[in-house]
S.K.: 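Let me begin by handing over the structure; questions about it come next.
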Amino acid sequence: MTAKIAYDDVEVGAELPPQTFSMTRASLVRYAGASGDFNPIHWNEKFATEVGLPDVIAHGMFTMAEAIRVVTDWAGDPGAVVEYGVRFTKPVVVPNDDKGALIEVAGKVAAKLDDHTVRVDLTAVCEGQKVLGMSRAVVRLA
């Protein structure tokens with residue numbers, strides 16, 4: 001597969017379609033099984049609060065993975081992402097209910113680079129708080 005977006009058609013400042021992702025306790029358990037990260041802060045409320053957290057928190061890498069979906073959906077090819085990095089700024093607290101935590105992710109083309117690549121800056125927010133900082137991806141376009 002290759003990106004469906006043409007480099008020549010993209011302008012700096014272009015906004016990617018924003019998305020909202022739900023993280024529930026069930027999705028945390030599924031992620032723990034897939035990743036092998038069974039740290040109890042991600043599934044055991046009693047343990048999480050005993051170590052000073054407000055409640056169970058989402059895996060940072062799961063939050064990161066959900067956020068990059070804005071870019072991969074826009075580009076049309078997950079393989080188009082050639083670089084991706086974030087700083088974790090706030091934990092995503094996941095309540096024990098059917099709604100879970102909602103993460104709102106927006107992206108913007110911040111720079112056109114060499115070799116048909118662009119830098120996309122992402123903003124990920126949960127309950128009005130930025131949960132990822134310096135979230136940036138380099139994407140190779142068609």
S.K.: Between Trp74 (side chain only) and Pro17 (backbone N and O only), is there a donor and an acceptor less than 3.5 Å apart?
M.R.: no

S.K.: CZ/Arg30 to CZ/Phe62 distance, rounded to the nearest 0.5 angstrom?
M.R.: 7.5 Å

S.K.: Can any side-chain N or O of Thr89 pair as donor or acceptor with the backbone N or O of Lys130 at less than 3.5 Å?
M.R.: yes

S.K.: Would you say that Val94 contacts Ile57 through its side chain, given a criterion of any heavy-atom pair below 4.5 Å between the two side chains?
M.R.: no

S.K.: Quick check: is Val120 connected to Val81 through a chain of hydrophobic side chains (ILVMFWY, heavy atoms under 4.5 Å apart)?
M.R.: yes

S.K.: Using a 3.5 Å distance criterion without hydrogens, assess whether the side chain of Ser22 forms a donor-acceptor pair with backbone atoms of Lys99.
M.R.: yes

S.K.: Taking atom NZ as the centre, does Lys90 end up with more than 12 heavy-atom neighbours from other residues, nucleotides or ligands that are less than 6.0 angstrom away?
M.R.: no

S.K.: Going from CG on Leu113 to CG on Asp115, what distance comes out if it is rounded to the nearest 0.5 angstrom?
M.R.: 10.0 Å

S.K.: Please answer whether the main-chain N or O of Thr24 pairs with a side-chain N or O of Ser27 as donor and acceptor at a distance below 3.5 Å.
M.R.: yes

S.K.: My understanding is that only residues two or more places apart in sequence, or in another chain, count here; which of them pass salt bridge (charged side-chain N to carboxylate O under 4.0 Å, His left out) with Glu104?
M.R.: none

S.K.: Rounded to the nearest 0.5 Å, how far apart are NE2 of His59 and CG of Asn39?
M.R.: 7.5 Å

S.K.: For a quick test of reading the model, state the closest non-hydrogen atom pair linking Gly60 to Phe88 and the distance between them.
M.R.: O-CE2, 3.1 Å

S.K.: Atom CG in Asn96, atom CG in Asp55: separation rounded to 0.5 Å?
M.R.: 7.5 Å

S.K.: If you measure from the Lys or Arg side-chain nitrogens to the Asp or Glu carboxylate oxygens, is any gap between Arg136 and Glu83 under 4.0 Å?
M.R.: no

S.K.: Minimum heavy-atom separation for Ala124 and Val105, please, with both atom names.
M.R.: CB-CG2, 4.2 Å

S.K.: Would Tyr84 and Ile103 show up in the same hydrophobic cluster when neighbours are defined by side-chain heavy atoms closer than 4.5 Å?
M.R.: yes

S.K.: If I compare all heavy atoms of Ala80 with all of Ala75, which pair ends up nearest, and what's the gap?
M.R.: CB-CB, 4.3 Å

S.K.: Are there over 12 heavy-atom neighbours, none belonging to Glu50, within less than 6.0 Å of that residue's CD?
M.R.: yes

S.K.: Taking only Lys NZ, Arg NE, NH1 and NH2, and the carboxylate oxygens of Asp or Glu, determine whether Asp98 and Arg25 approach each other closer than 4.0 Å.
M.R.: no

S.K.: Could you tell me the separation between the CG atom of Leu53 and the NE2 atom of His42, rounded to the nearest 0.5 Å?
M.R.: 9.0 Å

S.K.: Could you tell me if the side chain of Met61 sits less than 4.5 Å from the side chain of Tyr31, heavy atoms only?
M.R.: yes

S.K.: Rounded to the nearest 0.5 Å, how far apart are CG of Leu16 and OG1 of Thr72?
M.R.: 10.0 Å

S.K.: For Glu45, does its backbone N or O pair with a side-chain atom of Thr49 as donor and acceptor, under 3.5 Å?
M.R.: yes

S.K.: Is a side-chain N or O of His116 found less than 3.5 angstrom from the main chain of Tyr7, in a donor-acceptor match?
M.R.: no

S.K.: Are the side chains of Gln19 and Phe21 in contact, using a 4.5 Å heavy-atom criterion?
M.R.: yes

S.K.: Indicate the atoms forming the closest heavy-atom contact of Ala67 with Leu122, along with that distance.
M.R.: O-CD1, 3.9 Å

S.K.: Using the rule side-chain contact (heavy atoms from CB on, under 4.5 Å), only one of Val131, Leu132, Leu102, Val93 pairs with Cys126; which is it?
M.R.: Val131

S.K.: Hey, are Asp77 and Lys4 close enough for a salt bridge, meaning a charged N less than 4.0 Å from a carboxylate O?
M.R.: no

S.K.: Looking only at heavy atoms, which two atoms of Phe38 and Ala32 are closest? And how far apart?
M.R.: CZ-O, 3.5 Å

S.K.: Over all heavy atoms of both residues, which pair between Ile5 and Leu141 is shortest? Give the atoms and the distance, please.
M.R.: O-CB, 3.3 Å

S.K.: If hydrophobic clusters are built from ILVMFWY residues whose side chains come within less than 4.5 Å, do Ile41 and Leu28 share one?
M.R.: no

